[in-house]
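Here the structure is a predicted model, which is why all the values come from computation and not from measurement.
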Amino acid sequence: MQEYMYIYGINAVKESLLNKNIKIKCLYVSENSKLMAQIITIAQKEHIPVKQVSKQILSKLTNSEKTQNVVLEIYKPQYYTLEELMMKASQKPHPFLLILDKIFDPHNFGAILRTCDMFGVDGVIILDKRQVELNATVAKTSAGGFNYVPICKVNNLTNAVEYLKKHGYWIYATSLNDNAQRVDSLEYDTPIALILGNEGKGVSQKLLQHSDFNIFIPTNGHLDSLNVSVATGILIYQIKSSQQQL
């Protein structure tokens, strides 16, 4: 049975309407402003049904009061298999995958997907359980970035890591342990997969042991850790910058 999800917010909805890969069921709006008229025009050109409803209905659909008066109902994107994701990434000069170890906060997940799109990460691997899935909040926070980043769901991250290693990937996991190396001290001249841990415990000990390198971001403040979405942006930028110099 086909599943649906909702996207809300002007930027995320507009981005999704313009994406030919998104299968859209319906556009819901609750006002007739000039900006909304532009969005409605885009939908009508694509022969997408448009329904005017109350703000209360929009909030009920999305479980949010911050819809900006527009909601898009879409067919839930299909997840990639690990093999498909790896084959797609292999077409790039420097294959770069991201592995998320039990990210629970949809705002973090959305922000990470937005960063992945902006810096050209080739795909994201998540667990099929104990991990936030694509939902309205993730879509809104990603500002439409979820449309462009392939996502793979697996039932065991350790097995996924070992599969990638057998196919030439080097695995980098974030850690503050004594063996961790500065992210800017290494070269990233092979296909790589970067593991980020969840908001509370970080990367699991098992995944740290299965990684080739443990890395950290050097800082000089009073706190010992960064928000996971912020850390992801810094790490991706550093690694991508290093790759461009190869």
Participant: Among D178, N177, T174, which residue satisfies the side chain to side chain donor-acceptor pair (under 3.5 Å) criterion with N214?
Facilitator: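 The option that passes is N177.
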
Participant: Please check if atom CG in D128 has more than 12 non-hydrogen atoms from other residues, nucleotides or ligands closer than 6.0 Å.
Facilitator: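 Result for CG/D128: enclosed.
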
Participant: Are E133 and K153 side-chain neighbours, meaning at least one heavy-atom pair lies under 4.5 Å?
Facilitator: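 Sidechains of K153 and E133: in contact.
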
Participant: Can you get from I22 to Y28 by hopping between Ile, Leu, Val, Met, Phe, Trp and Tyr side chains that sit under 4.5 Å apart?
Facilitator: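 The answer is no; the residues belong to distinct hydrophobic clusters.
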
Participant: Minimum heavy-atom separation for L226 to A231, with atom names?
Facilitator: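 Closest approach of L226 to A231: CB-CB, 4.1 Å.
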
Participant: Grab the two heavy atoms, one from T141 and one from R114, that are nearest each other, plus how far apart they are.
Facilitator: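 In terms of heavy atoms, the two residues are closest at O-CD, 4.0 Å.
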
Participant: Hydrophobic cluster membership, with links at side-chain heavy-atom distances under 4.5 Å among I/L/V/M/F/W/Y: are L17 and L61 in one?
Facilitator: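 No, separate clusters.
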
Participant: Working note: L100 + V124, criterion side chain to side chain contact (heavy atoms under 4.5 Å, CB included); need CA distance, chi angles, decisive distance, verdict.
Facilitator: CA-CA 7 Å; L100 300 181; V124 175; 3.8 Å; yes

Participant: Side-chain heavy atoms under 4.5 angstrom apart, residues restricted to Ile, Leu, Val, Met, Phe, Trp, Tyr: same cluster for F104 and V138?
Facilitator: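 They do not share one cluster, since no chain of ILVMFWY contacts under 4.5 Å joins F104 to V138.
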
Participant: So, for Y188 and Y172, is the gap between ring centers shorter than 6.0 Å?
Facilitator: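 Yes: the rings meet the under 6.0 Å criterion.
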
Participant: Is the count of non-hydrogen atoms from other residues, nucleotides or ligands lying under 6.0 Å from Y237 atom OH greater than 12?
Facilitator: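 Open: at most 12 neighbouring heavy atoms sit under 6.0 Å from OH of Y237.
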
Participant: Is the NZ or CZ atom of K240 both under 6.0 Å from the centre of the six-membered ring of F96 and within 45° of that ring's axis?
Facilitator: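 No.
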
Participant: Counting only N and O atoms by type, is there a donor-acceptor contact under 3.5 Å from the side chain of S64 to the main-chain atoms of S59?
Facilitator: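 Not a single qualifying donor-acceptor pair exists.
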
Participant: Working to the nearest 0.5 angstrom, can you tell me the gap between I234 CD1 and D184 CG?
Facilitator: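 If I round to the nearest 0.5 Å, the distance is 11.5 Å.
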
Participant: Taking only Lys NZ, Arg NE, NH1 and NH2, and the carboxylate oxygens of Asp or Glu, determine whether K20 and E46 approach each other closer than 4.0 Å.
Facilitator: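 Looking at E46 together with K20, the answer is yes, because their closest N to O distance falls below 4.0 Å.
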
Participant: Clusters formed by hydrophobic residues whose side-chain heavy atoms approach within less than 4.5 Å: which one holds V161, and what are its other members?
Facilitator: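 Y80, L82, L85, M86, L97, I99, I125, L127, V154, L157, Y163, L164, Y169, I171, I195, V203, L207, L208, listed by chain and number.
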
Participant: Could you go through the side chain to side chain contact (heavy atoms under 4.5 Å, CB included) check for L235 and L196 one step at a time?
Facilitator: CA-CA 10 Å; L235 289 164; L196 273 297; 3.9 Å; yes

Participant: Is K201 atom NZ crowded by more than 12 heavy atoms from other residues, nucleotides or ligands, each under 6.0 Å away?
Facilitator: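 Counting other residues, nucleotides and ligands, NZ of K201 stays at 12 neighbours or fewer.
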
Participant: Please report the shortest heavy-atom distance between A139 and S142, naming the atom on each side.
Facilitator: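 Closest approach of A139 to S142, heavy atoms only: O-OG, 2.9 Å.
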
Participant: Measuring from H107:NE2 to T137:OG1, what's the distance to the nearest 0.5 Å?
Facilitator: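 The distance works out to 5.5 Å.
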
Participant: Testing E162, Q205, K165 for side chain to side chain donor-acceptor pair (under 3.5 Å) with H210, which one passes?
Facilitator: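 Per the side chain to side chain donor-acceptor pair (under 3.5 Å) rule, the option paired with H210 is E162, out of E162, Q205, K165.
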
Participant: Kindly give the heavy-atom pair with the smallest separation between M5 and N135, and that separation in Å.
Facilitator: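 That would be CE-O, 3.6 Å.
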
Participant: Got V13 and I7 here, is their nearest side-chain heavy-atom distance under 4.5 Å?
Facilitator: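 Touching, per the 4.5 Å side-chain cut-off.
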
Participant: Any side-chain heavy-atom pair from N227 and N108 closer than 4.5 angstrom?
Facilitator: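 With C-beta onward as the side chain, the pair touches.
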
Participant: Quick check: closest heavy atoms across K140 and A12, and the distance to 0.1 Å?
Facilitator: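 Heavy atoms of K140 and A12 come nearest at CA-CB, 4.4 Å.
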
Participant: Quick check for you: to the nearest 0.5 Å, what is the distance between D101 atom CG and I103 atom CD1?
Facilitator: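 Spacing of CG (D101) from CD1 (I103) equals 7.5 Å.
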
Participant: Do Q68 and Y8 have side-chain heavy atoms sitting under 4.5 Å apart?
Facilitator: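 Result no, sub-4.5 Å side-chain heavy-atom pair not found.
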
Participant: So, taking the atom named CD in Q56 and the one named CD in E65, what distance separates them when rounded to the nearest 0.5 Å?
Facilitator: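 Result: 8.5 Å between the selected atoms.
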
Participant: Could you please spell out the steps behind the side chain to side chain contact (heavy atoms under 4.5 Å, CB included) verdict for L113 and L134?
Facilitator: CA-CA 10 Å; L113 292 177; L134 282 177; 3.9 Å; yes

Participant: Can you see which heavy atom on V70 is nearest to which on L27, and at what distance?
Facilitator: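 Taking V70 first and L27 second, the nearest heavy atoms are CG2-CD1, 3.6 Å.
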
Participant: Is any side-chain heavy atom of F216 closer than 4.5 Å to one of R182?
Facilitator: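 Yes, at least one pair of side-chain atoms sits under 4.5 Å.
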
Participant: In this structure, would I24 and V71 fall into the same cluster of hydrophobic residues linked by side-chain contacts under 4.5 Å?
Facilitator: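 I24 and V71: separate clusters.
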
Participant: May I have the step-by-step check of side chain to side chain contact (heavy atoms under 4.5 Å, CB included) for K76 and Y4, ending in yes or no?
Facilitator: CA-CA 5 Å; K76 207 164 190 179; Y4 303 103; over 6 Å; no

Participant: Do V132 and Y6 belong to the same hydrophobic cluster, where Ile, Leu, Val, Met, Phe, Trp and Tyr are linked whenever their side-chain heavy atoms lie under 4.5 Å apart, directly or via other members?
Facilitator: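 Not linked; separate clusters.
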
Participant: Heavy atoms, side chains only, cut-off 4.5 Å: are N155 and K129 in contact?
Facilitator: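 Answer yes - side chains close enough.
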
Participant: For Q181 and F213, indicate whether the former's side chain and the latter's backbone hold a donor-acceptor pair under 3.5 Å.
Facilitator: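 Looks like no, no N/O pair under 3.5 Å.
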
Participant: Could you give the distance from CD (E83) to SG (C152), rounded to the nearest 0.5 Å?
Facilitator: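 It is 8.0 Å, given to the nearest 0.5 Å.
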
Participant: Measure the CD-OG distance between E73 and S16 for me, rounded to the nearest 0.5 Å.
Facilitator: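 Those atoms lie 13.0 Å apart.
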
Participant: Please check if any side-chain donor atom of Y148 sits under 3.5 Å from a side-chain acceptor atom of E15, or the reverse.
Facilitator: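 Present: a donor and an acceptor within the cut-off.
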
